Asks: 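One structure, as structure tokens, below. Some questions next.
Treat the numbers as computed from the prediction; the structure is a model and nothing was measured. Proteins get letters first, then strands, A, B, ... in listed order; numbering begins at 1 in each. Reckoned from all heavy atoms, side chains included, excluding hydrogens, waters and symmetry mates.
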Number of protein chains: 2
Amino acid sequence: MDPTFAQRDTVESALKGHGLQATSQRVEVLRRLRASERHLSADDLYAELIGAKMKVSRATVYNTLNLLKEHGLVSEMVLDPGRVLFDPNTEPHYHFYDVDTHEITDVPADKVGFTCLPLLPEGATFKGVDVVVKISRRG
Amino acid sequence: MDPTFAQRDTVESALKGHGLQATSQRVEVLRRLRASERHLSADDLYAELIGAKMKVSRATVYNTLNLLKEHGLVSEMVLDPGRVLFDPNTEPHYHFYDVDTHEITDVPADKVGFTCLPLLPEGATFKGVDVVVKISRRG
DNA sequence: CTTAATGCAAAGGCTTTGCAGAGAC
DNA sequence: GTCTCTGCAAAGCCTTTGCATTAAG
């Protein structure tokens, strides 16, 4: 079975599992996000899809990403103002952030451990930790 | 000696220490940022200044904040797209982030410790860690 | 007097919205 | 046939920019 079909199938199942129609635009957005090494912006994805001669509009890419986000299929990362990236990895994990190139790399969750975390404010529930390790290659 | 004068004086020294003219707009932006319990956006500050009947323009607030950022007198935080906040605390520290209200609270650095951090990519220099502990009060 | 900072208004980039047409079921 | 999604273009929001005016040293 060819891997592209397998991916497409999984993506379709994921969409349908959330009660979402598996339209070609949605399938392609989620599939490419999952297939990409990098974390992509809405515009990155739009450019990819247009480059692949697909019929899609910018608005649909934005709307689709928001829809996927609402359904927990992708998460949003905002590292620079005006640079919103989407991360298809819904498992706990952290990030390297190159402060010069703005490149993002994943760090598996087991590479970061805490000896202590702060006491939560009264009445608060823990919802997760975001850890961004900032690095530079310029010294 | 009245505390407002003391604050103003410290802020002026900080600006001059970086070779920046201590104009009334710059002094007030930095002073209010330091005096605030919350982390403020450019527009929050603009509204505060206008409310205090000061002569200032939006452009100057934005330009001043960027200037302060370049000189390391404040740091920028981007937690939601379109919500850039400025943090006058230049000591290492982390943040609580209320996912419902988008409120930000400081966590002193000594409340968070790591048992391990990931090996850096080849040739990379460590530039810091951002830790955001996400919380909710809705359960 | 010379240099630098401010204010205004216009432009810019990214994202969302409204509505008509196309597509899914 | 009905309901939903898509595409287009326009509007929105936040931020930056250019240039004349004003303030600082």
Asks: To the nearest angstrom, how far is A/Lys69 atom NZ from C/dT15 atom P?
Replies: 10 Å

Asks: One thing to verify: whether B/Asp100 and B/Arg137 come together as a salt bridge, which I'm taking to mean a side-chain N less than 4.0 angstrom from a carboxylate O.
Replies: no

Asks: Hey, what bend do you get for the helix from C/dC1-D/dG25 to C/dC25-D/dG1 if you fit axes on five pairs at each end, rounded to 10°?
Replies: 30°

Asks: Could I get a table of every N or O pair under 3.5 Å where one atom is in the protein and the other is in nucleotides 1-3 of chain C?
Replies:
none

Asks: Say you draw a straight line from CG of B/Leu65 to OH of B/Tyr46; how long is it, rounded to the nearest 0.5 Å?
Replies: 13.5 Å

Asks: Name the residue closer to the 5' end of DNA chain D, choosing between B/Ala22 and B/Arg83 according to the nucleotide with the nearest heavy atom.
Replies: B/Arg83

Asks: Among the nucleotides C/dT15, D/dT15, C/dT6, which one has an atom lying closest to any side-chain atom of B/Thr64?
Replies: C/dT6

Asks: Atom CD of A/Glu28 to atom P of D/dC5: distance rounded to whole Å?
Replies: 18 Å

Asks: With rounding to the nearest 0.5 Å, note down the distance linking CZ in B/Arg34 to OG1 in B/Thr90.
Replies: 7.5 Å

Asks: Could you state the interatomic distance from CG (A/Leu85) to CG (A/Leu40), rounded to the nearest 0.5 Å?
Replies: 8.0 Å

Asks: Using side chain to side chain contact (heavy atoms under 4.5 Å, CB included), reason through B/Met77 and B/Phe86 one step at a time and then give a plain yes or no.
Replies: CA-CA 6 Å; B/Met77 321 173 37; B/Phe86 291 87; over 6 Å; no

Asks: For a quick check under 3.5 Å, do A/Ser41 and A/Asp44 share a side-chain donor-acceptor pair by atom type?
Replies: yes

Asks: C/dT16 phosphate, OP1 or OP2: any side-chain N/O from A/Asn66 under 4.0 angstrom?
Replies: yes

Asks: From the options A/Ile104, A/Asn89, A/Asp130, select the one residue that forms a side chain to side chain contact (heavy atoms under 4.5 Å, CB included) with A/His95.
Replies: A/Ile104

Asks: Can A/His39 and A/Asp106 be counted as having a side-chain donor-acceptor contact under 3.5 angstrom?
Replies: yes

Asks: Check whether any side-chain N or O of A/Ser41 sits under 4.0 Å from OP1 or OP2 of C/dC14, and answer yes or no.
Replies: no

Asks: For A/Pro81 and for B/Ser24, locate the closest nucleotide of DNA chain D by heavy-atom distance; then report the residue assigned to the nucleotide nearer the 5' terminus.
Replies: A/Pro81

Asks: Just how far, in rounded Å, is P of D/dC14 from CD of B/Glu76?
Replies: 15 Å

Asks: Hey, are A/Asp43 and A/Arg58 close enough for a salt bridge, meaning a charged N less than 4.0 Å from a carboxylate O?
Replies: yes

Asks: May I ask you to list the residues of residues 50-61 of chain A, by number, that have any heavy atom positioned under 4.0 Å from an atom of DNA chain C?
Replies: A/Ala59

Asks: Does a side-chain N or O from B/Tyr62 land closer than 4.0 Å to OP1 or OP2 of D/dT15, or not?
Replies: yes

Asks: First locate atom CD of B/Glu37, then atom CD of B/Glu103, and finally report the distance between them rounded to the nearest 0.5 Å.
Replies: 11.0 Å

Asks: Test A/Glu48 against every option in A/Lys53, A/Arg32, A/Arg38 by the salt bridge (Lys or Arg N to Asp or Glu O under 4.0 Å) rule and name the one that passes.
Replies: A/Arg32

Asks: Looking at B/Arg26, I'd like to know whether one of its side-chain N or O atoms comes within less than 4.0 Å of OP1 or OP2 on C/dT6.
Replies: yes

Asks: I need the CG-P distance between B/Leu40 and D/dT15, as an integer number of Å.
Replies: 13 Å

Asks: Classify the side-chain pair A/Ser75/A/Asp87 by whether it contains a donor and acceptor separated by less than 3.5 Å.
Replies: no

Asks: Where the side chain of A/Asn63 is concerned, which of C/dT17, C/dG7, D/dT6 is the nearest nucleotide?
Replies: C/dT17

Asks: Below 4.0 angstrom from OP1 or OP2 of C/dG23, is there any side-chain N or O of A/Thr23?
Replies: no

Asks: Nearest-Å distance, CG (A/Leu45) to C1' (D/dT6)?
Replies: 17 Å

Asks: May I have the distance from B/Tyr46 (atom OH) to D/dC14 (atom P), rounded to whole angstrom?
Replies: 14 Å

Asks: Please give, in whole Å, the distance from C/dT15 P to A/Leu68 CG?
Replies: 15 Å

Asks: Which whole-number value in Å describes the distance from A/Glu12 CD to C/dA24 C1'?
Replies: 13 Å

